[in-house]
Amino acid sequence: MALPLFSDNMHDYEPSFAPPCMKRIAMARCPVSGLIPMLLLGMAAIGGAITDARAQDNATSSATPPNPSLFAPPVPPVVSTGPLTFAPLVRQVGPAVVNIAVAQDSHTTTSRQPLPPSVKGTPFEHKFRERMRAHGEEMLGAGSGFLIDPSGVIVTNAHVVGGADLITVSLADGTEFPAHLVGSDDLTDIAVIQIHAPHPMPFVPWGDSRLVNIGDWIMAAGNPFGLGSSVTAGIVSARGRDIGTSPFDDFFQIDAPINPGNSGGPSFNLGGQVVAVNTAIVSPTGGSVGIGFGLPSEIVAPIVEELRHNGHIDRGWLGVTLTDGSGHDGVQIVGIDRNGPAMKAHLHIGDVITAVNDEPIDTSRMLIRSIAAKRPQSTVVLHIRRHHEALSLPACVGHRPDEDMDD
């Protein structure tokens with residue numbers, strides 16, 4: 001049987017099989033072959049290829065390694081018994097959770113945008129149509145987000161705000177603010193937007209998701225079906241879920257009910273810290289069946305910091321096509337991009353990469369993530385096996401090409 005091929009170019013990456021009932025709340029930008037369309041958690045842009053949850057096989061970030069200073073120190077749980085009620089936790093974090101409405105200027109729209117499927121046919125369809133008509137806008141969707149800074153910095157999913165002309169943020173008290181996009185990263189489906197308020201905003205801190213265990217309580221907050229702020233609770237039912245949409249997949253699986261419109265909303269530990277961003281659901285019906293996915297803070301927090309400072313993510317690239325071996329003995333190069341970093345480093349087809357610097361490499365996915373996390377123009381040492389001979393070659397990491405570029 002032929003082995004699967006991988007490339008550190010996204011368009012060469014062949015995702016693993018995703019469950020046929022996987023749903024997400026928005027349409028993605030990068031086409032992923034073999035994926036069945038998903039209803040994204042935020043009722044976002046109709047049209048486009050499916051966006052998905054992002055994760056890894058390990059706890060390695062796809063941008064920069066997690067910086068411990070990004071996380072608040074562990075705190076005692078706000079809720080410490082049972083819990084009999086989540087009310088104290090909701091009162092503490094609720095003001096920092098926001099609803100996001102996304103629209104397109106009807107004067108610049110060449111064709112009428114249909115309503116999101118999660119709204120069409122519900123009692124809320126008329127309400128949404130009237131609201132958008134009154135503002136001279138075409139609604140693209142709605143989702144959730146959360147404030148991480150008193151200056152009005154908000155984290156959400158990229159598929160919630162992608163393609164929008166107008167972004168409106170509603171606070172828990174009903175106050176609305178226009179927002180602008182600071183930066184987004186389609187590969188991990190993370191976006192940062194900003195509002196400008198006349199006073200400091202309530203905000204929530206990051207918690208360290210590496211401390212979250214299977215079976216821990218988790219509370220999800222957001223804007224399901226455009227109804228407005230609401231919360232649900234459940235447990236973390238699995239870690240490290242790969243749903244086959246990106247080499248960076250590394251999701252929490254949570255059983256707290258999340259639905260279309262929750263996309264981009266936070267999941268909290270009992271100390272009131274954000275440990276995941278809700279991104280996707282499995283749903284045969286379009287609603288919650290108790291299987292949702294959140295991208296852990298250990299991945300999201302460094303990406304958010306880079307987006308705040310640079311507006312985009314620079315990822316490393318090696319320029320090779322790979323195939324996994326039969327055991328944990330490295331990955332084999334089966335193709336090399338002309339004039340790419342690998343060719344300049346004198347790698348050959350047939351070489352087996354066993355480590356990057358001091359990090360052992362067992363799978364193609366591990367190598368892709370490891371190189372992607374390196375800064376472009378930085379130098380790494382590739383440990384390889386060539387015809388039973390062990391070699392160490394320095395390689396200058398290149399800039400990862402755009403998703404729509406050729407090799």
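Hydrogens, waters and symmetry mates play no part in the numbers below; they use all other heavy atoms, side chains included.
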Are side-chain heavy atoms of [X] and [Y] found at a separation under 4.5 Å?
{"X": "Asn278", "Y": "Ile254", "value": "yes"}
{"X": "Val212", "Y": "Pro296", "value": "no"}
{"X": "Thr188", "Y": "Val300", "value": "no"}
{"X": "Val352", "Y": "Asp329", "value": "no"}
{"X": "Ile313", "Y": "Arg400", "value": "no"}
{"X": "Met201", "Y": "Ile195", "value": "yes"}
{"X": "Ile384", "Y": "Leu347", "value": "yes"}
{"X": "Leu147", "Y": "Val98", "value": "yes"}

**Message:** Between Asp337 and Trp317, is the side-chain contact (heavy atoms from CB on, under 4.5 Å) condition met? List the steps.
**Reply:** CA-CA 11 Å; Asp337 290 5; Trp317 175 67; 3.1 Å; yes
My understanding is that only residues two or more places apart in sequence, or in another chain, count here; which of them pass side chain to side chain donor-acceptor pair (under 3.5 Å) with [X]?
{"X": "Asp173", "answer": "Thr175"}
{"X": "His312", "answer": "Asp314"}
{"X": "Ser237", "answer": "Gln253"}
{"X": "Ser184", "answer": "none"}

**Item:** Set of residues satisfying side chain to side chain contact (heavy atoms under 4.5 Å, CB included) with respect to Pro205, sequence neighbours excluded
**Value:**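 Ala72, Gln273.
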**Request:** Please name all residues satisfying side chain to side chain contact (heavy atoms under 4.5 Å, CB included) with Ala276, sequence neighbours left out, ordered by chain then number.
**Result:**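 Counting only residues at least two positions away or on another chain, Ala276 forms a side chain to side chain contact (heavy atoms under 4.5 Å, CB included) with Phe252, Ser267.
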Can you name the closest pair of heavy atoms from [X] and [Y] and give their distance?
{"X": "Asn262", "Y": "Pro224", "value": "OD1-CB, 3.5 Å"}
{"X": "Gly292", "Y": "Ile258", "value": "CA-CD1, 3.7 Å"}
{"X": "Ala191", "Y": "Val161", "value": "CB-CG2, 3.8 Å"}
{"X": "Glu359", "Y": "Ser370", "value": "OE1-OG, 2.9 Å"}
{"X": "Gly319", "Y": "Ala342", "value": "O-CB, 4.0 Å"}
{"X": "Ala395", "Y": "Leu318", "value": "CB-CD1, 4.4 Å"}

**Request:** Could you walk me through whether Val78 and Phe86 pass the side-chain contact (heavy atoms from CB on, under 4.5 Å) test, one step at a time?
**Result:** CA-CA 9 Å; Val78 174; Phe86 286 90; over 6 Å; no
Would you be so kind as to tabulate the donor-acceptor pairs closer than 3.5 Å made by side chains of residues 376-383, with sequence neighbours excluded?
from	atom 1	to	atom 2	distance (Å)
Ser378	OG	Arg375	O	2.5
His383	ND1	Ser392	OG	2.9
His383	NE2	Asn357	O	2.8

Nearest-0.5 Å distance, [atom1] of residue [X] to [atom2] of residue [Y]:
{"X": "Ser297", "Y": "Ile303", "atom1": "OG", "atom2": "CD1", "result": "11.5 Å"}
{"X": "Leu181", "Y": "Thr156", "atom1": "CG", "atom2": "OG1", "result": "10.5 Å"}
{"X": "His348", "Y": "Ile333", "atom1": "NE2", "atom2": "CD1", "result": "9.5 Å"}
{"X": "Ile190", "Y": "His159", "atom1": "CD1", "atom2": "NE2", "result": "10.0 Å"}
{"X": "Asp208", "Y": "Leu70", "atom1": "CG", "atom2": "CG", "result": "10.0 Å"}
{"X": "Arg241", "Y": "Leu295", "atom1": "CZ", "atom2": "CG", "result": "15.0 Å"}

**Request:** Write out all pairs satisfying ring pair (Phe, Tyr, Trp, His ring centres under 6.0 Å) with one or both partners inside residues 163-202, taking only residues at least two apart or from two chains.
**Result:**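 Listed by first then second residue: His180-His196.
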**Item:** Listed partners of Asp149 passing salt bridge (Lys or Arg N to Asp or Glu O under 4.0 Å), at least two apart
**Value:**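 Salt bridge (Lys or Arg N to Asp or Glu O under 4.0 Å) check on Asp149 returns Arg308.
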**Message:** Once ring-ring contact (aromatic ring centres under 6.0 Å, His included) is applied, do any residues pair with Phe203, and if so which ones, sequence neighbours excluded?
**Reply:**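 Result, ring-ring contact (aromatic ring centres under 6.0 Å, His included) vs Phe203: none returned.
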**Message:** So, using ring-ring contact (aromatic ring centres under 6.0 Å, His included) as the criterion, who are the partners of Phe146 when residues are at least two apart?
**Reply:**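 Phe146 satisfies ring-ring contact (aromatic ring centres under 6.0 Å, His included) with Trp206 once adjacent residues are dropped.
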**Polar side-chain atom of Gln92 near backbone of Val204 as donor-acceptor pair, under 3.5 Å** =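 No; zero donor-acceptor contacts below 3.5 Å.
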**Asked** Can you tell me if Asp324 uses its side chain to pair, donor with acceptor, with the backbone of Thr363 under 3.5 Å?
**Response**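 No; zero donor-acceptor contacts below 3.5 Å.
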**Request:** Please report the C-alpha distance between Asn269 and Asp216 in whole Å, then the side-chain angles of each, then the deciding distance to 0.1 Å, and finally whether the side-chain contact (heavy atoms from CB on, under 4.5 Å) criterion is met.
**Result:** CA-CA 8 Å; Asn269 61 21; Asp216 282 351; over 6 Å; no
**Item:** Step-by-step side-chain contact (heavy atoms from CB on, under 4.5 Å) determination, Val182 to Val153
**Value:** CA-CA 9 Å; Val182 175; Val153 178; over 6 Å; no
**Message:** Which residue in the set Val334, Leu367, Ile361 passes side-chain contact (heavy atoms from CB on, under 4.5 Å) when paired with Leu322?
**Reply:**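 Only match with Leu322 under side-chain contact (heavy atoms from CB on, under 4.5 Å): Leu367.
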**Request:** Apply the side-chain contact (heavy atoms from CB on, under 4.5 Å) test between Ser263 and each candidate in Val277, Val160, Ile100; give the one that qualifies.
**Result:**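 The single option meeting the side-chain contact (heavy atoms from CB on, under 4.5 Å) with Ser263 is Val160.
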Without hydrogens or angle criteria, can the side chains of [X] and [Y] be said to hold a donor-acceptor pair below 3.5 Å?
{"X": "Thr323", "Y": "Gln332", "value": "no"}
{"X": "Thr279", "Y": "Asp189", "value": "no"}
{"X": "Ser144", "Y": "Asn223", "value": "no"}

**Message:** Show me the pairs that pass salt bridge (Lys or Arg N to Asp or Glu O under 4.0 Å) and involve residues 343-355, at least two apart or across chains.
**Reply:**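 The answer is Asp351-Arg386.
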